[in-house]
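Numbers restart at 1 for each chain; the letters A, B, ... are given by sequence-line order, proteins then strands. In this text the structure is predicted, and so the values were computed from the model without any measurement.
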Protein chains: 2
Amino acid sequence: MDQQQISAYLLKNGVRPLQKRVKIMSYLVSKRNHPTVDMIYSDLIHEINGLSKTTIYNVLNLFVQSGVALALNIEGNEIRYDADTSTHGHFKCKVCTGVIDFRIKKEDLPNPMLEGFRIDEQHFYLKGVCSFCANKIEA
Amino acid sequence: MDQQQISAYLLKNGVRPLQKRVKIMSYLVSKRNHPTVDMIYSDLIHEINGLSKTTIYNVLNLFVQSGVALALNIEGNEIRYDADTSTHGHFKCKVCTGVIDFRIKKEDLPNPMLEGFRIDEQHFYLKGVCSFCANKIEA
DNA sequence: TAATGTTTTTATAATGATTACAAAAATATG
DNA sequence: CATATTTTTGTAATCATTATAAAAACATTA
C-alpha cells in the first residue's frame, strides 16, 4: 500500500488522512511487527521532523476507535498495535518478546452462548517460546 | 473450598500456605470476580490487619508463576486475576467494566500450526456489552 | 523454649506507560 | 487572505507496578 492507498483507506473509515497519520499507518502496515508506542516513536522520529510521543498515542487511539487498528493486550505493561484487523491470532514469545501472527479462520473460533450480549471484538492469543528461540535454547 | 483445602492446594503446587496467601487465594476462589489488585486490596484491608498492596502484588505474581492463578490482560491499563486455571473464556463489558467467564471446551479452541513452538498459555477473550447493560441501554 | 537463619511482608521511593491540559501549529472554510 | 476549527506539541500529572531495604514472621536446631 502506498501513501495514496493509505489515505483513501483512512478516509473511507472516517479518519482524515493527515500527514502524520498516514505515515504512522504506513509504518504499521509495512512493518507488521505489532509495535509498542515506543517502538513506533524511535523508528519514526528520524523520518518525521518534530514528532511527539503524545501524537502517536493520539493517532493510535483514533485508529482503534475508527476500527483501522487493533490494540493488543497480551502483556500487562504494554499495548501493541496491529493494522491487520482481519481475524487472526497472536503468539507472544517469552524469550525474544516478539509477537507474531498466525492464521485462524473466523469459523474456527469458539462460539460461546452469550445470549443478549453484543460482541465487538474477539481476541485469541498464545504465550510460550517461538521455534527460533526454542532451537537456540536446545543448542 | 475452606482454608484447609486451600492450604493443601497451594502446598501441592509448591506454594507455602502462609496466612495471607491463603486468605488472598480464598478471596479469589470465593468471589470469582476477576479482581484487580486494587479491588483485592480494598476488600481485604478490613479483614487482614496491616495488609500492604505490595504484598498482594508479590503473592499474585507468585500464584501466577506457580500456576495456581491466571493473569488476564484484557485492557491495557489493568491486570485481573483468576483462580480458575481450567480452560475457559472471558468477556469484558465496556459499560459496567465487569469480566465474566464463559465455558469453552479445550478441543473447541483453534489449533494453529506452529511447528516447533512451545505453547504455555492460551487466552480467548471477547469485548462488548453484556446482556444486562444492553438491556439498560435499550430501555 | 531460646537462639539463629531464612523467608515474607511492609513502607517508601522509583519506574514506566499513558493521559490531561493548554499553547502553538496546521488545516480547512468563507 | 482572514478566521475558525482541528491537530500536534511539550510539560506535567496520573496510575499501576516494581525495586529496595528494614522489620516482622516463620522455621530449624539445639
Side-chain angles (χ1 to χ4, degrees), chain A residues 3 6-7 10-11 13-27 34-66 68-81 92 97 99, chain B residues 3 6-7 10-11 13-27 34-66 68-81 92 97 99:
Chain A
Q3 308 238 352
I6 302 253
S7 293
L10 290 180
L11 206 52
N13 286 276
V15 176
R16 284 167 63 191
L18 306 175
Q19 290 189 20
K20 299 189 181 179
R21 292 175 179 175
V22 172
K23 287 204 175 163
I24 292 173
M25 180 53 82
S26 282
Y27 177 87
H34 314 90
T36 62
V37 165
D38 265 4
M39 291 160 73
I40 300 173
Y41 180 74
S42 38
D43 281 351
L44 287 186
I45 184 65
H46 309 295
E47 192 174 325
I48 305 178
N49 214 296
L51 176 67
S52 147
K53 210 178 272 191
T54 308
T55 300
I56 302 178
Y57 280 105
N58 289 340
V59 169
L60 289 176
N61 285 340
L62 178 67
F63 283 177
V64 171
Q65 280 169 38
S66 310
V68 294
L70 297 175
L72 308 182
N73 301 113
I74 302 181
E75 224 73 68
N77 55 345
E78 63 177 23
I79 306 180
R80 284 165 173 269
Y81 294 90
K92 166 135 187 180
T97 74
V99 173
Chain B
Q3 309 237 350
I6 301 251
S7 292
L10 291 180
L11 206 52
N13 286 277
V15 177
R16 285 165 64 188
L18 306 176
Q19 290 190 21
K20 299 188 180 178
R21 290 175 179 176
V22 172
K23 289 205 175 163
I24 292 173
M25 181 52 83
S26 280
Y27 176 88
H34 314 88
T36 62
V37 165
D38 265 3
M39 291 162 72
I40 301 173
Y41 180 73
S42 37
D43 282 349
L44 288 185
I45 184 66
H46 308 295
E47 194 175 324
I48 305 177
N49 214 296
L51 176 67
S52 147
K53 209 177 273 190
T54 308
T55 300
I56 302 178
Y57 279 105
N58 288 340
V59 170
L60 289 175
N61 284 340
L62 178 67
F63 283 177
V64 171
Q65 280 169 37
S66 310
V68 295
L70 297 176
L72 308 182
N73 300 112
I74 302 180
E75 224 72 67
N77 55 346
E78 63 177 22
I79 305 180
R80 285 165 174 268
Y81 293 90
K92 166 134 189 182
T97 73
V99 173

Peer 1: Provide the closest heavy-atom pair for Gly50(A) versus Lys20(A) in the form atom of the first, atom of the second, distance.
Peer 2: O-NZ, 4.0 Å
Peer 1: Using whole Å, report how far CD of Glu78(A) lies from C1' of dA16(D).
Peer 2: 15 Å
Peer 1: Distance check, rounded to the nearest 0.5 Å: Leu72(A) atom CG versus Asn73(B) atom CG?
Peer 2: 11.5 Å
Peer 1: What's the shortest heavy-atom distance between Ser52(B) and Tyr41(B), and which atoms?
Peer 2: C-CE1, 4.1 Å
Peer 1: What is the distance, to the nearest angstrom, from the CG atom on Leu10(B) to the C1' atom on dT8(C)?
Peer 2: 15 Å
Peer 1: Counting any heavy atom closer than 4.0 Å, what does Lys20(B) reach on the DNA or RNA strands: base, sugar-phosphate only, or nothing?
Peer 2: sugar-phosphate
Peer 1: Check every atom of dA16(D), dT8(D), dT18(C) against the side chain of Tyr57(B) and return the nucleotide holding the closest atom.
Peer 2: dA16(D)
Peer 1: Is the closest side-chain heavy-atom distance between Val37(A) and Tyr81(A) below 4.5 Å?
Peer 2: yes
Peer 1: How many Å lie between NZ on Lys53(A) and P on dA17(C), as a whole number?
Peer 2: 7 Å
Peer 1: Are any of Asn58(A)'s side-chain N or O atoms less than 4.0 Å away from OP1 or OP2 of dT7(D)?
Peer 2: no
Peer 1: Rounded to the Å, how far apart are Lys23(B) NZ and dT8(C) P?
Peer 2: 18 Å
Peer 1: What distance do Tyr57(A) atom OH and Ile40(A) atom CD1 have between them, rounded to the nearest 0.5 Å?
Peer 2: 9.5 Å
Peer 1: Please report the closest heavy-atom contact between Pro17(B) and Leu10(B), naming both atoms and the distance.
Peer 2: CA-CD1, 4.2 Å
Peer 1: Figure out the CD1/C1' separation between Ile56(A) and dG10(D), and round it to whole Å.
Peer 2: 14 Å
Peer 1: Encode nucleotides 24-30 of chain C as B, S and - characters from 5' to 3', where the letter depends on protein heavy atoms closer than 4.0 Å: B to the base, S only to sugar-phosphate, - to neither.
Peer 2: ---SS--
Peer 1: In whole Å, I'd like the distance from the CG atom of Asn77(B) to the C1' atom of dA20(C).
Peer 2: 15 Å
Peer 1: Would you kindly give the CG-to-C1' distance between Asn73(A) and dT18(C), to the nearest whole Å?
Peer 2: 13 Å
Peer 1: Let's see if you get this right: which residues in residues 34-52 of chain B place a heavy atom under 4.0 Å from DNA chain C?
Peer 2: Gly50(B), Leu51(B), Ser52(B)
Peer 1: Return no unless some side-chain N or O of Asn61(A) is found under 4.0 Å from OP1 or OP2 of dT19(C).
Peer 2: yes
Peer 1: Under the salt bridge (Lys or Arg N to Asp or Glu O under 4.0 Å) definition, can you give me all pairs with a residue in residues 44-58 of chain A, not counting sequence neighbours?
Peer 2: Asp38(A)-Lys53(A)
Peer 1: Please report the distance, rounded to the nearest Å, between CG in Leu60(B) and C1' in dT9(C).
Peer 2: 14 Å
Peer 1: Quick one: does Val22(B)'s side chain get under 4.5 Å of Gln19(B)'s, heavy atoms only?
Peer 2: no
Peer 1: Side chains of Leu62(B) and Arg21(B): does their closest heavy-atom pair fall under 4.5 Å?
Peer 2: yes
